[in-house]
Each structure stands twice: as structure tokens, then as C-alpha cells.
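Heads up, the thing below is written out as C-alpha cells.
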Amino acid sequence: MGEETAMQWMVLIVRLPSQPSRHRVAVWRELRKVGALSLGQGVWAVPEVPFFADGVQRAVELARRAQGETVVLRAAGRGPQDAQRFEAMFTTAREEDWAEFVADCGKYTAELDKEIGKAKFTLAELEEEEQSLERLRRWHRDLKARDVFGAPGAEKAERQLAECVSRFEDYGERVFVHLHAFSSGGQEGAP
């Protein structure tokens, strides 16, 4: 990979007063939210692509409001090995994100199974499950946007999300069948 085609990175160096700690936590949360890679105490990196610019700017603003200092640098590896190592570190972080997402998808489908097992077919429960599914969809969209190198776990996550959608549709159908049967006097109420 030639230097002109190498991925450029934004490196953010942050120095904040030690107290109050809420400022350090706010900056840390913002950088974690955007998917920045922690390189050491107060040093973060993200690929220089538009998706990350707003998050870095928000972190810089949070640091400024806390009377901290920031320096944002443009960087690239000195050689192909450096660039590959940085990309691998970033992809490993995204793999961890995808694994967490897949685990939450499993919790979501287990929750649907539990409600089906209890025959809890209410509109309130359906709405709650729909909100949980929307949270998964937003999370997936955010992870996909920050996964600029295409971590292998993204494919499994895509399948898991599709399974969640399918399972939710099945649960929704059961709720409506149950409510229709109940309203037409064919069944007793749900527990």
C-alpha cells in the first residue's frame, strides 16, 4: 500500500484536570461511543473518515469546557506494518463490539421465548419488545458505520439481527391472534 493510499488517522491527545472526574468520564464516554481506539492514557485514534469527525469534535469541546487541553493530529503508519497493525487493533475493537451485539441479540430472542412460554401476549409487552428491537437496530447501524475495515463478526451480527426481526414478527403475530381471539370471545384472557 503506497503512502498516498494509506489510511489516515486522527490522533487525539487529551489532558484534563484531575478533578472533578466527571469531565474525564464524559470525554471517555464520548470517545468510546464513537468507537475511538485508546492508545494509552489520554491518547485516542480513529480513522480519518467523516463518520468520526463529529464525535472527535464533541470530545474536544467537552475537554475545552473542562479547562482541558487537546491536540488533534493527522497520522499514518511509517510503513505498511505500522498501518496494518493499527488497522488490526481497530478491527479487534470492532470484533469485540460485534460480539457484544450478538450476545445482546441472544438475550433478546431468549426474552421473546420466555414471553411466548408464559403466553404473555399483550400490546404492552409487544411495544416493549419493539422498543428493544429498535435499540438493537440503532446499535447495529452505529456499529456498521464505525466498522470501516469490515470486521469478520459483522456478518454474524447481520444474521442475528435478521433473526431478531423474524422472531419479533412471529411474536407480534401471536399477540394479534391472541387479542383477536380474546376480543371475539373465543379464549380466556392472557395471564
Side-chain angles (χ1 to χ4, degrees), residues 7 9-10 12 14 21-22 24-56 58-59 62 84-178 190-191:
M7 171 62 74
W9 294 78
M10 284 189 285
L12 176 63
V14 182
S21 64
R22 73 178 183 274
R24 285 192 316 279
V25 171
V27 171
W28 177 84
R29 279 184 153 162
E30 185 59 42
L31 291 168
R32 290 288 300 155
K33 179 180 166 187
V34 78
L37 181 62
S38 176
L39 301 177
Q41 188 170 352
V43 181
W44 299 81
V46 294
E48 190 171 16
V49 296
F51 173 79
F52 298 102
D54 289 342
V56 169
R58 284 189 302 270
L62 287 167
Q84 290 167 357
R85 175 72 180 122
F86 231 29
E87 183 177 324
M89 290 168 58
F90 192 80
T91 300
T92 296
R94 299 298 69 85
E95 257 320 280
E96 292 168 4
D97 291 343
W98 285 124
E100 184 180 353
F101 177 83
V102 166
D104 269 28
C105 285
K107 291 175 187 173
Y108 178 77
T109 57
E111 173 69 17
L112 289 175
D113 288 344
K114 183 180 93 176
E115 301 308 342
I116 291 169
K118 294 187 325 187
K120 190 173 182 183
F121 301 125
T122 66
L123 287 177
E125 188 61 37
L126 181 64
E127 186 175 306
E128 183 180 317
E129 298 304 342
E130 184 175 33
Q131 289 171 359
S132 295
L133 180 60
E134 286 308 311
R135 182 189 64 80
L136 286 171
R137 284 177 167 151
R138 283 190 307 274
W139 187 11
H140 182 268
R141 185 177 54 246
D142 290 346
L143 288 177
K144 197 170 181 177
R146 68 174 100 137
D147 185 11
V148 295
F149 301 113
E155 289 180 30
K156 181 176 183 181
E158 188 81 34
R159 289 190 305 272
Q160 287 296 111
L161 181 59
E163 177 65 18
C164 289
V165 169
S166 174
R167 299 285 301 282
F168 172 76
E169 290 170 353
D170 174 65
Y171 179 71
E173 184 64 30
R174 290 172 188 244
V175 169
F176 288 112
V177 165
H178 175 78

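Since this is a predicted model, take the numbers as computed values, not measurements.
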Discussion item. A quick test of your reading: do over 12 heavy atoms of other residues, nucleotides or ligands sit less than 6.0 Å from CD of E134?
Written reply: yes
Practice prompt. Provide the closest heavy-atom pair for V34 versus R146 in the form atom of the first, atom of the second, distance.
Written response: O-CD, 3.6 Å
Worksheet item: Are any of the side-chain heavy atoms of V175 and E125 separated by less than 4.5 Å?
Response: no
Item to complete: Mind telling me whether F90 and F149 have parallel, tilted or perpendicular rings, with 30° and 60° as the class edges?
Response: perpendicular
Discussion item. Would you say that W44 contacts V56 through its side chain, given a criterion of any heavy-atom pair below 4.5 Å between the two side chains?
Written reply: no
Side-chain atoms of residues 150-158: list all donor-acceptor pairs with protein atoms under 3.5 Å, sequence neighbours left out, distances to 0.1 Å.
residue : atom : partner : partner atom : Å
E158    : OE1  : H140    : NE2          : 3.2

Worksheet, complete the sentence: Those residues at least two apart in sequence (or on a different chain) that pass side chain to side chain donor-acceptor pair (under 3.5 Å) with R174 are D170
Discussion item. Quick check against the 3.5 Å criterion: does T92 have a side-chain atom that pairs as donor or acceptor with the backbone of A88?
Written reply: yes
Worksheet item: Would W28 and V14 count as a side-chain contact (heavy atoms from CB on, under 4.5 Å) if you check the C-alpha gap in whole Å, the side-chain angles of each, and the deciding distance to 0.1 Å?
Response: CA-CA 10 Å; W28 177 84; V14 182; over 6 Å; no
Response to the item:
The ring-ring contact (aromatic ring centres under 6.0 Å, His included) partners of F86 (sequence neighbours excluded) come to W9
Discussion item. Give me each pair satisfying salt bridge (charged side-chain N to carboxylate O under 4.0 Å, His left out) with a member in residues 102-111, each pair once, sequence neighbours excluded.
Written reply: D104-K107, D104-R135, E111-K114
Worksheet item: Of all residues at least two apart in sequence or in a different chain, which pass the side chain to side chain donor-acceptor pair (under 3.5 Å) check with D147?
Response: W98
Worksheet entry | Side chains of E115 and E129 in contact at under 4.5 Å (non-hydrogen atoms) | yes
Discussion item. Are the side chains of V177 and E173 in contact, using a 4.5 Å heavy-atom criterion?
Written reply: yes
Fill in: Validation row: V165, F168 side chains within 4.5 angstrom (heavy atoms)
no
Worksheet item: Would a 4.5 Å heavy-atom cut-off, applied to side chains only, mark L31 and F52 as touching?
Response: no
Worksheet, complete the sentence: Closest non-hydrogen atoms of A59 and L12, given as atom of the first, atom of the second and distance, are CB-CD2, 4.2 Å
Worksheet item: Does any pair with a residue in residues 25-51 pass salt bridge (charged side-chain N to carboxylate O under 4.0 Å, His left out), and if so which ones, sequence neighbours excluded?
Response: E30-R58, E48-R74
Discussion item. If you apply the rule side-chain contact (heavy atoms from CB on, under 4.5 Å), what do you find for F121 with Y171, and how did you get there?
Written reply: CA-CA 8 Å; F121 301 125; Y171 179 71; 3.8 Å; yes
Response to the item:
Tightest non-hydrogen contact, residues V148 and P47, listed as CG2-CG, 3.6 Å
Discussion item. Using every non-hydrogen atom in the two residues, find where L133 and C164 come nearest and quote the distance to one decimal.
Written reply: CD1-CB, 3.9 Å
Practice prompt. Indicate yes or no: at least one non-hydrogen side-chain atom of T109 is less than 4.5 angstrom from one of Q160.
Written response: no
Item to complete: Return the minimal non-hydrogen interatomic distance between F101 and L143, and the atom names on each side.
Response: CB-CD1, 3.8 Å
Response to the item:
L126 and G172 have their tightest heavy-atom pair at CD1-CA, 3.5 Å
